[in-house]
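The block underneath contains the structure these notes are about, expressed in structure tokens.
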Amino acid sequence: MKVLTIVGARPQFIKAAIVSKKIKEGSQNIDEIILHTGQHYDENMSDVFFNQMEIPKPTYNLQIGNLSHGAMTGRMLESIEAILMKEMPRFVVVYGDTNSTLAGSLAASKLHIPVIHIEAGLRSFNMQMPEEINRIVTDQLSSTLFCPTEQAVINLKNEGFDKKNWINIIKNGDVMFDAAMYFAQLALAPLFNVPEKFILATFHRAENTDNKERMEEIILALNKLNKEIPVIVPLHPRTQKLITQYEIPIDFFVCEPLGYLQMLYMLKNALLVITDSGGLQKEAYFFNNPCITIRDQTEWIELVEGGYNVLSNASKADIYESYELMKDKTFDSSDDCFYGKGQASSKIVDYLKENIN
Ligand code: UD1
């Protein structure tokens, strides 16, 4: 049975890595074809993930990146359609909420190829975020929705998905949790000296980076925190470009984007995480780090309700206040992990096996 997996952006490589591994281990009757849209293309945003996690080389690489949302999605749609018409897989598998997810689900559903959406049902309820648009449309176009959390299932029910009898809703847990637990055993120290205590921070969301004032406030906050405890920031290319453009002075340590195994090393050793990333909020929790999220909403509401994560305005004062609130917090996430028991990817493979025909 042919299954075509569509990836394009950094977090999708991590999720697909663990599912691909389980497919290989779990069934010889599933032939997985990987299509990389090229949305992320730098060595340290793409290749390093394929190498470190031994993801099979993509059969197709569309090299469509660095374009506006419409142009990127449109070109992906056209190219993915041509490949699907040639391959005619039994299923198309898409992950998360990127432009690659949207293009893949749209192309497949128009060809009546069933779409499996992994990480379905998440909502921020902020339609200004491109990711929110992508995930809502993808859920609508899918035939199977694998939900990472109870909240994701509730969100889908609230939107009436449980009344659509052509859609399967399955709560399987979070494949990112499976990936983090498996690859943490292989964690690698980065090439720079890692201090004993440090804050790990990342930011790249359009809502933070595309607004000079917000970005300046975040940087001022990190500069201030760095006087108390070293702050380490692996910079997303988007953030790097805009920092240079806005000419904002930085006092903390910045480095190129890290590979996943280096990122896991940092997470294992950090004291606290500050981020606007979706994935890193959870990874902070997996490794027992309190987290400050510089966004107005989060899809991972259970972390905020549990006190493991706090939302902060993009303002120097608010970020510092959140730091004061969170810095001494300790917990053990294995006590009540919201994201399953590391079986999320096996459940997806079981589903594929049940549907071999
Ligand atoms: C995308 C996803 C987001 C996800 C994130 C993970 C969408 C709408 N957003 O955001 O959900 O959390 O990936 O990282 O799909 N760039 C490079 N080198 C690269 C990749 C990107 O220089 O390897 C540049 C692009 O040219 C562009 C900018 O970074 O100028 C942003 O890239 P883009 O793919 O638009 O979105 P992300 O911000 O990465």
Side-chain angles (χ1 to χ4, degrees), residues 6-17 36-51 58 61-77 80 94-106 117-120 122-124 126-139 148 174-176 179 201-211 214-215 218 233-246 254-260 263 273 275-284 293-295 297-300:
I6 296 177
V7 290
R10 188 164 58 170
Q12 293 167 330
F13 308 142
I14 298 166
K15 293 165 199 166
H36 184 343
T37 61
Q39 179 171 349
H40 286 176
Y41 44 85
D42 290 343
E43 150 69 32
N44 54 24
M45 293 290 285
S46 173
D47 298 358
V48 65
F49 293 88
F50 282 82
N51 296 335
N61 189 327
L62 307 181
Q63 299 186 314
I64 301 172
N66 201 10
L67 291 165
S68 66
H69 286 263
M72 189 193 288
T73 313
R75 286 192 203 174
M76 286 176 187
L77 180 62
I80 294 171
V94 295
Y95 291 89
D97 56 18
T98 70
N99 295 335
S100 304
T101 316
L102 174 64
S105 56
L106 198 47
H117 185 202
I118 298 175
E119 214 180 59
L122 298 178
R123 298 291 182 266
S124 66
N126 176 358
M127 287 300 279
Q128 300 297 313
M129 289 177 67
E131 292 82 3
E132 184 75 354
I133 299 168
N134 293 343
R135 57 170 86 100
I136 290 175
V137 178
T138 300
D139 283 343
D174 190 341
V175 295
M176 280 197 75
T202 74
F203 56 109
H204 75 275
R205 291 270 167 201
E207 70 234 48
N208 286 330
T209 54
D210 293 2
N211 177 325
R214 281 179 79 99
M215 180 121 133
I218 296 169
V233 182
L235 278 183
H236 186 288
R238 169 204 286 283
T239 317
Q240 173 69 68
K241 262 184 239 169
L242 290 162
I243 286 179
T244 314
Q245 188 183 317
Y246 300 152
V254 298
C255 61
E256 299 273 302
L258 293 174
Y260 187 51
M263 205 60 187
V273 169
T275 192
D276 62 8
S277 149
L280 206 60
Q281 293 171 49
K282 280 178 300 168
E283 288 166 335
T293 298
I294 310 176
R295 278 179 48 190
Q297 317 80 12
T298 178
E299 301 78 28
W300 310 107

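When reading the values below, keep in mind they use all heavy atoms of this one structure, side chains included, and skip hydrogens, waters and symmetry mates. Along the sequence shown, residues carry numbers from 1. As the structure is a prediction and not an experimental result, all values here were calculated from the model. Remember, it's 1-based here, ligands and their atoms both numbered in the order they're listed.
- With E119 as the fixed residue, the side-chain hydrogen bond (donor to acceptor under 3.5 Å, both in side chains) test singles out one of R135, Q12, K15: K15.
- In terms of protein heavy atoms, atom 35 (O) of ligand 1 is closest to M72 CE, 3.9 Å.
- Here the heavy atom of the protein found nearest to atom 25 (C) of ligand 1 is Y41 OH, 3.7 Å.
- Contacts between S100 and ligand 1, counted as non-hydrogen atom pairs separated by less than 4.0 Å, are absent for every part of the residue.
- For ligand 1, the atoms sitting less than 4.0 Å from at least one non-hydrogen atom of D97 are 11 (O), numbered in the order shown with element in parentheses.
- For D42 (side chain) and N44 (main-chain N/O), no donor-acceptor pair under 3.5 Å exists by modelled atom type.
- Looking from atom 27 (C) of ligand 1 to the surrounding protein, the closest heavy atom is K241 NZ, 3.9 Å.
- Residue Q240 places no heavy atom under 4.0 Å from ligand 1.
- For the side-chain hydrogen bond (donor to acceptor under 3.5 Å, both in side chains) test with S46, the passing option among Q39, R10, H36 is H36; the others fail.
- Heavy atoms only, all atoms of each residue included: M215 and T209 are closest at SD-CA, 3.7 Å.
- Contact annotation: the side chain of M263 never approaches that of I14 to less than 4.5 Å [non-hydrogen atoms, C-beta and beyond].
- Side-chain contact annotation: S105 with H117, donor-acceptor N/O pair under 3.5 Å absent.
- Closest protein heavy atom to atom 36 (O) of ligand 1: R238 NH2, 3.8 Å.
- Checked by distance only, ligand 1 and N134 stay at 3.5 Å or farther apart across all their nitrogen or oxygen atoms.
- In the candidate list E132, H40, H204, R205, H40 is nearest to atom 39 (O) of ligand 1, counting heavy atoms.
- Annotation for ligand 1: atoms under 4.0 Å from non-hydrogen atoms of H69 are 8 (C).
- Looking only at protein heavy atoms, the nearest one to atom 18 (N) of ligand 1 is D42 OD2, 2.8 Å.
- The backbone N or O of E132 sits nowhere less than 3.5 Å from a side-chain atom of D97 that would complete a donor-acceptor pair.
- Residue-ligand proximity: P11 is placed with a non-hydrogen atom under 4.0 Å from ligand 1.
- Of all the heavy atoms in N126 and Q297, the pair that sits closest is ND2-OE1, 3.2 Å.
- Ring orientation note: the planes of Y260 and F49 are tilted relative to one another, at an angle of 30° to 60°.
- Distances from atom 11 (O) of ligand 1 to the heavy atoms of Q39, E131, H236 show the closest one on E131.
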